[in-house]
Amino acid sequence: MTSCSIKFGKFEFKANEGDLLLFSLMKEGIYTQGINQKRKRGGFCGMGVCQECLVELSNGKDTLACQTIIQGDMEIIDYE
Ligand code: FES
């Protein structure tokens, strides 16, 4: 199992390659921003419908954390 570095604003932690991003964030107690990006949200549906797990990656792309498999180091923008 390969370990990846996940950076989310001021938080940085290790996660396993192949794990879902949403569950790795939840395990660390980190909330997502959701579609309106105005308050802390978390995953709700876990199947790509509710958009509550939407995050913006450092490359400018938005992704649903519940549909994103960790495939290497990642950096996520934190709007706080
Ligand atoms: S948790 Fe609902 S879209 Fe990801």
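Whatever order the structure lists ligands and atoms in, that order sets their numbers, starting from 1. Every value quoted in this text rests on a predicted model; they were computed, and no experiment measured them.
For ligand 1, the atoms sitting less than 4.0 Å from at least one non-hydrogen atom of Gly43 are 1 (S), numbered in the order shown with element in parentheses. Short contacts between ligand 1 and Val49, defined as distances under 4.0 Å to a heavy atom of the residue, involve ligand atoms 3 (S). Near Phe44, the atoms of ligand 1 lying under 4.0 angstrom from a non-hydrogen atom of the residue are 1 (S). The distance from ligand 1 to the heavy atoms of Cys66 drops below 4.0 Å at these ligand atoms: 1 (S), 3 (S), 4 (Fe). Counting atoms of ligand 1 from 1 in the listed order, those under 4.0 Å from a heavy atom of Gln51 are 2 (Fe), 3 (S). Residue Gly48 approaches ligand 1 through these ligand atoms, each under 4.0 Å from one of its heavy atoms: 3 (S). The contact set between ligand 1 and Gly46, taken as ligand atoms under 4.0 Å from a residue heavy atom, comprises 1 (S), 2 (Fe).
Each of Ile77, Ile30, Thr63, Thr68 was evaluated against Val55; a single residue qualifies, Thr63, per the side-chain contact (heavy atoms from CB on, under 4.5 Å) test. For the side-chain contact (heavy atoms from CB on, under 4.5 Å) with Cys4, the lone residue among Asp19, Asp73, Asn16 that qualifies is Asp73.
For the residue pair Met74 and Leu57, the shortest heavy atom distance occurs at CE-CD2, 3.9 Å. The shortest heavy-atom contact between Ser5 and Glu12 is OG-OE2, 2.8 Å.
Among the atoms of Cys50, an N, O or S atom falls under 2.8 Å from atom 2 (Fe) of ligand 1. Among the atoms of Cys53, no N, O or S atom falls under 2.8 Å of atom 2 (Fe) of ligand 1.
Side-chain atoms of Thr32 and Glu52 include no donor-acceptor pair closer than 3.5 Å.
Note that CD1 of Ile6 is 10.5 Å distant from CD of Glu75, once rounded to the nearest 0.5 Å.
Heavy-atom neighbours of Phe13 CZ from other residues, nucleotides or ligands within 6.0 Å: above the threshold of 12.
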